[in-house]
Chemist: 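Pasting in a structure now, in structure tokens, and then I'll have a few things to ask.
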Amino acid sequence: DILFASAGDILSADVRIVVCSPGAVIDISSITNIPHDLKDLQEQPSDLNPLRSSNVAPAHCTILDGLFFGIVIKIGSATLYCQSQKKGEE
């Protein structure tokens with residue numbers, strides 16, 4: 001699936017960024033449990049870790065600024081959010 005998202009949206013799936021506006025930012029604190037943990041988005045990957053890579057927007061994260069088009073890469077219990085919750089329960 002192809003997804004369009006903009007400021008104020010909360011993602012329901014993990015998304016690989018294809019095109020995004022300059023200055024696009026998401027809040028990933030719902031996954032990291034670090035207050036105000038912000039991530040700048042861009043089209044090119046910046047890290048092998050999908051949580052830290054600038055071209056992946058995880059599910060349950062809020063878009064604070066900008067907009068983007070992306071390809072859904074994970075849904076449901078396979079998302080980074082669900083995987084982080086499972087690790088917290090162990």
Chemist: Is it true that a side-chain atom of T62 and a backbone atom of D27 form a donor plus acceptor pair closer than 3.5 Å?
Modeler: no

Chemist: Using the rule given for side-chain contact (heavy atoms from CB on, under 4.5 Å), can you reason through L3 versus L11, listing the C-alpha separation, both sets of side-chain angles and the distance that settles it, and then say yes or no?
Modeler: CA-CA 10 Å; L3 179 127; L11 298 172; 4.0 Å; yes

Chemist: Do side-chain atoms of D9 reach the backbone of S6 as a donor and acceptor pair under 3.5 angstrom?
Modeler: yes

Chemist: Pick from L64, V25, I28: which one makes a side chain to side chain contact (heavy atoms under 4.5 Å, CB included) with K39?
Modeler: I28

Chemist: Please find the pair of heavy atoms, one from S21 and one from G66, that lie closest to each other, and give the distance.
Modeler: OG-CA, 3.2 Å

Chemist: Find the distance between OG (S46) and CG (D40) and round it off to the nearest 0.5 Å.
Modeler: 9.5 Å

Chemist: Determine whether F68 and V18 satisfy the following criterion, side-chain contact (heavy atoms from CB on, under 4.5 Å), listing intermediate values before the conclusion.
Modeler: CA-CA 7 Å; F68 64 83; V18 176; over 6 Å; no

Chemist: Around I75, counting heavy atoms of other residues, nucleotides and ligands shown, do more than 12 lie under 6.0 Å from its CD1?
Modeler: no

Chemist: Can you tell me if T32 and D37 form a side-chain donor-acceptor pair at under 3.5 Å?
Modeler: yes

Chemist: Calculate, to the nearest 0.5 Å, the distance between atoms CD1 and CZ belonging to I73 and R16 respectively.
Modeler: 4.5 Å

Chemist: Is the backbone N or O of A59 less than 3.5 Å from a side-chain atom of D14, with the two atoms forming a donor-acceptor pair by type?
Modeler: yes

Chemist: Answer yes or no: is there a donor N or O on one side and an acceptor on the other, between the side chain of Q42 and the main chain of A24, under 3.5 Å?
Modeler: no

Chemist: Any idea which heavy atoms bring G70 and V15 closest together, and the distance?
Modeler: CA-CG1, 3.5 Å

Chemist: Which residues satisfy the side chain to side chain donor-acceptor pair (under 3.5 Å) test with E43, sequence neighbours excluded?
Modeler: none

Chemist: Any chance you could measure C82, atom SG, to K74, atom NZ, to the nearest 0.5 Å?
Modeler: 11.0 Å

Chemist: Any idea which heavy atoms bring S29 and H36 closest together, and the distance?
Modeler: CB-N, 4.1 Å

Chemist: Heavy atoms, side chains only, cut-off 4.5 Å: are C20 and L67 in contact?
Modeler: no

Chemist: Could you check whether atom CG of N49 has more than 12 heavy atoms from other residues, nucleotides or ligands sitting under 6.0 Å from it?
Modeler: yes

Chemist: What verdict does the side-chain contact (heavy atoms from CB on, under 4.5 Å) test give for F69 and I17, after you've listed the backbone C-alpha separation in whole Å, the side-chain angles of each residue and the deciding distance to 0.1 Å?
Modeler: CA-CA 6 Å; F69 284 94; I17 307 302; over 6 Å; no

Chemist: From Q85 CD over to S77 OG, what is the distance, rounded to the nearest 0.5 angstrom?
Modeler: 12.5 Å

Chemist: Determine whether S84 and I31 satisfy the following criterion, side-chain contact (heavy atoms from CB on, under 4.5 Å), listing intermediate values before the conclusion.
Modeler: CA-CA 6 Å; S84 71; I31 295 175; 3.7 Å; yes

Chemist: Can you see which heavy atom on D47 is nearest to which on R52, and at what distance?
Modeler: OD2-CB, 3.8 Å

Chemist: Quick one: which of D65, V56, L38, L41 gives a side chain to side chain contact (heavy atoms under 4.5 Å, CB included) with I26?
Modeler: L41

Chemist: Can any side-chain N or O of S54 pair as donor or acceptor with the backbone N or O of Q44 at less than 3.5 Å?
Modeler: yes

